[in-house]
Amino acid sequence: MRLELRVCQHCLEGDDGHGGHQKSALLQDMVQCAERIQEHKDVLDLDAVHIRRVRDDEQGKPEALPVVAATIQNNQIVLNDTQLVAEGEDGNMLLYANPDDILTVLAGNVDEISKAVHEDVTVDLSPKGAEIISEAGLGADREQ
């Protein structure tokens with residue numbers, strides 16, 4: 001199985017006109033979770049985890065998994081610069097384009113890692129990211 005997270009580099013850096021600080025914080029949460037998954041990919045039996053920071057001149061071009069989400073805005077096709085693609089062992093691809101879904105999937109993987117390793121793998125999330133995850137009901141409970 002392979003994962004590829006794509007985020008807008010400008011939004012990630014909090015550049016003006018690219019979604020503001022709340023979006024930047026949410027994207028940083030996603031990248032931190034993906035980096036943690038990348039560090040422990042063997043625990044989840046993942047072949048690869050790619051993190052792609054997309055610039056305006058690249059239009060969401062994939063790094064490894066050839067899937068790009070699009071929406072229609074003002075009668076024009078616009079490629080999503082934030083998405084998570086997961087390729088299963090059977091070759092099927094799952095595409096997550098909703099930021100809440102992306103963070104939930106990534107945090108769920110971090111949660112699975114935390115159940116399998118003895119070190120602390122938690123990620124310090126932004127207030128908005130923590131709210132999204134708390135509503136999703138994630139959280140490692142070693143007693144279960």
Side-chain angles (χ1 to χ4, degrees), residues 1-74 76-88 92-144:
M1 184 170 176
R2 298 185 297 168
L3 292 177
E4 182 170 334
L5 172 66
R6 282 176 238 153
V7 297
C8 172
Q9 179 69 39
H10 300 289
C11 295
L12 183 64
E13 294 171 351
D15 289 351
D16 290 336
H18 276 266
H21 295 292
Q22 187 170 351
K23 182 175 183 181
S24 175
L26 196 56
L27 293 177
Q28 289 172 12
D29 291 344
M30 290 177 199
V31 170
Q32 288 179 55
C33 287
E35 288 172 343
R36 190 59 43 102
I37 295 165
Q38 201 172 43
E39 292 168 14
H40 298 277
K41 67 183 175 70
D42 295 337
V43 171
L44 298 175
D45 200 27
L46 296 174
D47 297 320
V49 178
H50 303 275
I51 303 168
R52 176 94 163 89
R53 292 162 177 87
V54 179
R55 295 187 317 267
D56 285 342
D57 59 342
E58 295 174 324
Q59 295 294 315
K61 183 179 175 184
E63 179 175 325
L65 300 177
V67 177
V68 178
T71 56
I72 297 176
Q73 297 175 3
N74 299 324
Q76 290 188 339
I77 296 173
V78 177
L79 301 180
N80 291 18
D81 56 12
T82 301
Q83 63 187 48
L84 176 67
V85 180
E87 178 187 42
N92 288 334
M93 301 243 193
L94 298 174
L95 171 67
Y96 302 92
N98 178 300
D100 292 9
D101 294 343
I102 294 169
L103 184 58
T104 301
V105 169
L106 293 170
N109 279 281
V110 172
D111 185 51
E112 289 303 310
I113 292 167
S114 72
K115 294 174 184 176
V117 300
H118 298 292
E119 63 189 275
D120 182 13
V121 295
T122 57
V123 173
D124 291 328
L125 299 175
S126 68
K128 180 63 177 173
E131 178 185 331
I132 291 167
I133 298 310
S134 70
E135 290 174 4
L138 298 178
D141 185 353
R142 294 187 186 273
E143 309 233 346
Q144 288 185 342

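By convention here, the first residue in the shown sequence is residue 1.
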[X] [atom1] to [Y] [atom2] distance, which is reported to the nearest 0.5 Å:
| X | Y | atom1 | atom2 | result |
| --- | --- | --- | --- | --- |
| Glu135 | Thr104 | CD | OG1 | 9.0 Å |
| Leu27 | Gln9 | CG | CD | 10.0 Å |
| Leu44 | Ile37 | CG | CD1 | 7.0 Å |
| Ile72 | Ile77 | CD1 | CD1 | 6.0 Å |

Yes or no on side-chain contact (heavy atoms from CB on, under 4.5 Å) for Asp29 and Ile132, after CA distance, side-chain angles and deciding distance?
CA-CA 11 Å; Asp29 291 344; Ile132 291 167; over 6 Å; no
Does a salt bridge link Glu119 with Arg36, judged by any charged N lying under 4.0 Å from a carboxylate O?
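Salt bridge flag = no for Arg36 with Glu119.
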Find out whether Met30 and Thr82 are in side-chain contact, i.e. whether some heavy atom of one side chain is under 4.5 Å from a heavy atom of the other.
yes
State, with a plain yes or no, whether a side-chain heavy atom of Cys33 is found less than 4.5 Å away from one of Leu103.
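Yes, their side chains come closer than 4.5 Å.
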Before you tell me yes or no, could you show the steps for Arg53 and Val7 under side-chain contact (heavy atoms from CB on, under 4.5 Å), namely the whole-Å CA-CA distance, both residues' side-chain angles and the distance that decides it to 0.1 Å?
CA-CA 5 Å; Arg53 292 162 177 87; Val7 297; 4.2 Å; yes
What verdict does the side-chain contact (heavy atoms from CB on, under 4.5 Å) test give for Leu5 and Val31, after you've listed the backbone C-alpha separation in whole Å, the side-chain angles of each residue and the deciding distance to 0.1 Å?
CA-CA 8 Å; Leu5 172 66; Val31 170; 4.2 Å; yes
Return yes if some donor-acceptor pair links the side-chain N/O of [X] with the main-chain N/O of [Y] below 3.5 Å, else return no.
| X | Y | value |
| --- | --- | --- |
| Asn74 | Gln76 | no |
| Asn109 | Val105 | yes |
| Gln83 | Val67 | yes |

Does any donor atom in the side chain of Gln28 or Gln32 lie under 3.5 Å from an acceptor atom in the other side chain?
no
Show the numbers, then the answer: is there a side-chain contact (heavy atoms from CB on, under 4.5 Å) between Arg6 and Val68?
CA-CA 10 Å; Arg6 282 176 238 153; Val68 178; 3.7 Å; yes
